[in-house]
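Start at 1 with the first residue, then count along the sequence.
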Amino acid sequence: MGRKGSPRSPQAEGGSRAASPPSPLWALPEELLLLICSYLDAQALGRLAQVCRRLRFLSGRDLLWRRIARGCLNSGFTQLGTDLAAGIPVKERVKVSQNWRHGRCRRETVLKWKCNLMPWMELDGEYLYLSQAENIQAYPICPEGTGLQRHPQAIFSGHQEDVCRFVLVNSHIVSGGGDGSIVLHKIHGSYSVKFSAHEQEVNCVDFQGGLIVSGSRDRTAKVWSLSAGRVGQCLHTVQTEDRVWSIAISPLLSSFVTGTACCGHTSPLRIWDLESGQLLTCLGTDFHRGAGVLDVFYETPSLLLSCGYDTYIRYWDIRTSTRKCVQEWEEPHDSALYCIRSDKNHMIASGSSYYGVVRLWDKRQTQCLQSFHLSSPTSSPVYCLRFSTTHLYAALASALHVLDFTAP
């Protein structure tokens with residue numbers, strides 16, 4: 001008897017297999033396919049990408065991931081939908097965003113210096129600008145964000161004492177120093193201007209629309225012109241009656257906000273008219289003596305973040321109320337907050353006064369999302385922090401630390 005078995009198909013006997021008919025799915029226009037896929041979440045899109053090459057390509061389109069990314073932390077999209085990280089695939093940003101949410105990162109100390117300083121920094125594409133004593137140094141960021149080159153490519157000088165703070169706007173560096181002066185540098189060139197600004201150290205500066213605003217320990221805030229023929233001319237002097245620790249110009253270029261030491265009986269957070277120098281409004285009514293505001297950050301012309309000695313992050317919406325903030329978050333260990341930054345959407349990063357603590361916050365939650373202790377065993381404040389969609393840089397008294405969220 002012969003062995004029993006399943007009958008072989010004619011195609012198999014002929015040594016070839018007939019091609020399977022094309023899926024009706026591919027008869028649909030691409031616009032309709034994208035519409036169908038737009039109802040899928042991140043997990044479903046990931047599974048769809050494993051079906052075939054064509055669906056892998058389709059499911060990776062930025063159009064599909066944009067909606068998902070706008071709900072993620074630090075994905076490069078603002079509240080209004082502006083893409084701040086164009087050129088990086090949105091799908092990749094969503095993947096890295098999960099590392100931010102869960103605190104998965106690789107830590108590295110990229111720079112150290114011998115004496116304790118109060119550094120400030122700014123990020124600008126391929127460079128990180130860091131103040132060290134009286135100089136500002138430009139360090140190239142290594143390809144793919146793998147770290148910093150150890151030696152600066154450019155050094156900007158001009159102050160006789162330490163740089164307190166500086167801003168980087170439109171290829172110009174504007175810095176305020178302990179010598180009471182303001183220095184303007186053009187990054188791509190040798191042009192620089194220095195002028196005496198205050199009787200004491202310039203604690204903070206901002207620069208927008210051809211105007212500089214500065215705040216000082218001498219209890220004044222000043223508005224300076226940079227127009228042709230009037231460079232370094234003081235337009236207004238505002239008597240704040242208190243030391244000015246932080247300052248920022250509104251994105252509408254119509255006003256500026258000052259954060260003061262709160263040693264008197266006035267609000268430490270006040271908004272002034274940029275054209276006339278007159279007081280427009282005070283933010284908040286319930287403040288305690290000594291609850292100075294150390295950093296302020298405009299997200300939009302009407303949304304403002306502040307932090308300082310009273311251990312709170314406060315979120316102000318000038319459209320609704322100037323008497324009370326719309327949200328606030330308390331530092332868990334009752335530490336002063338030296339610096340603050342946001343992705344202009346859901347995430348806030350803050351730097352504390354003890355043990356180099358960096359915290360990440362989700363505005364949609366009341367508690368801190370993640371904490372990173374960067375200073376051990378000695379304690380140091382986080383004087384400044386900046387971040388991109390992939391890396392966070394924190395400047396402490398004697399070192400610069402980087403958290404790489406692409407390589408947990």
- Message: I need the D343 CG to L84 CG distance, nearest 0.5 Å.
- Response: 8.5 Å
- Message: If I take atom OG from residue S388 and atom CG from residue L123, how far apart are they, to the nearest 0.5 angstrom?
- Response: 6.5 Å
Can you tell me if [X] has over 12 outside heavy atoms packed within less than 6.0 Å of its [atom1]?
X	atom1	value
F297	CZ	yes
Q200	CD	yes
D41	CG	yes
H333	NE2	no
Q365	CD	yes
K95	NZ	no
R67	CZ	yes

- Task: Determine, step by step, whether R319 and S302 satisfy the side chain to side chain donor-acceptor pair (under 3.5 Å) criterion, reporting the C-alpha distance in whole Å, the side-chain angles of both residues, the deciding distance to 0.1 Å, and the verdict.
- Result: CA-CA 6 Å; R319 298 166 301 183; S302 56; 3.3 Å; yes
Can you find a side-chain donor-acceptor pair between [X] and [Y] that sits under 3.5 Å?
X	Y	result
H236	S276	no
S306	W316	yes
S227	S225	yes
D404	T406	yes
D218	H198	yes
E201	S216	no
W272	T258	yes

In the structure I gave you, are the side-chain heavy atoms of [X] and [Y] within less than 4.5 Å of one another anywhere?
X	Y	result
C307	D310	no
D273	F256	no
I212	I249	no
R165	N203	no
R270	T240	yes
P332	R359	yes
Y127	I187	no
T260	W245	no

- Please work out whether the ring planes of Y315 and W329 are parallel, tilted or perpendicular, with thresholds of 30° and 60°. tilted
Answer yes or no: is there a donor N or O on one side and an acceptor on the other, between the side chain of [X] and the main chain of [Y], under 3.5 Å?
X	Y	answer
R243	R217	no
S250	S254	no
S97	L73	yes
S379	Y355	yes
D179	Q160	yes

- Message: Ring centres under 6.0 Å, that's the criterion: do Y129 and W120 meet it?
- Response: no
- Would the H185 and F156 ring centres measure less than 6.0 Å apart? yes
- Message: Could you go through L392 and V358, starting from their C-alpha distance and side-chain angles, then the distance that decides it, and tell me whether this counts as side chain to side chain contact (heavy atoms under 4.5 Å, CB included)?
- Response: CA-CA 10 Å; L392 184 145; V358 171; 4.1 Å; yes
- Query: Is the NZ or CZ atom of R54 positioned over F57's six-membered ring, under 6.0 angstrom from the centre and within 45° of the axis?
  - Reply: no
- Message: Test: salt bridge (charged side-chain N to carboxylate O under 4.0 Å, His left out). Region: residues 298-309. Which pairs qualify, not counting sequence neighbours?
- Response: E299-K363
With the threshold set at 4.0 Å, does a side-chain nitrogen-carboxylate oxygen contact exist between [X] and [Y]?
X	Y	answer
R219	E199	no
R314	E328	yes
D362	R101	yes

- What's the verdict on salt bridge (charged side-chain N to carboxylate O under 4.0 Å, His left out) for E30 and R61, showing C-alpha distance, side-chain angles and the deciding distance? CA-CA 11 Å; E30 183 177 283; R61 297 281 292 273; 3.0 Å; yes
- Check step by step if side chain to side chain donor-acceptor pair (under 3.5 Å) holds for H159 and S181. CA-CA 7 Å; H159 290 284; S181 66; 3.2 Å; yes
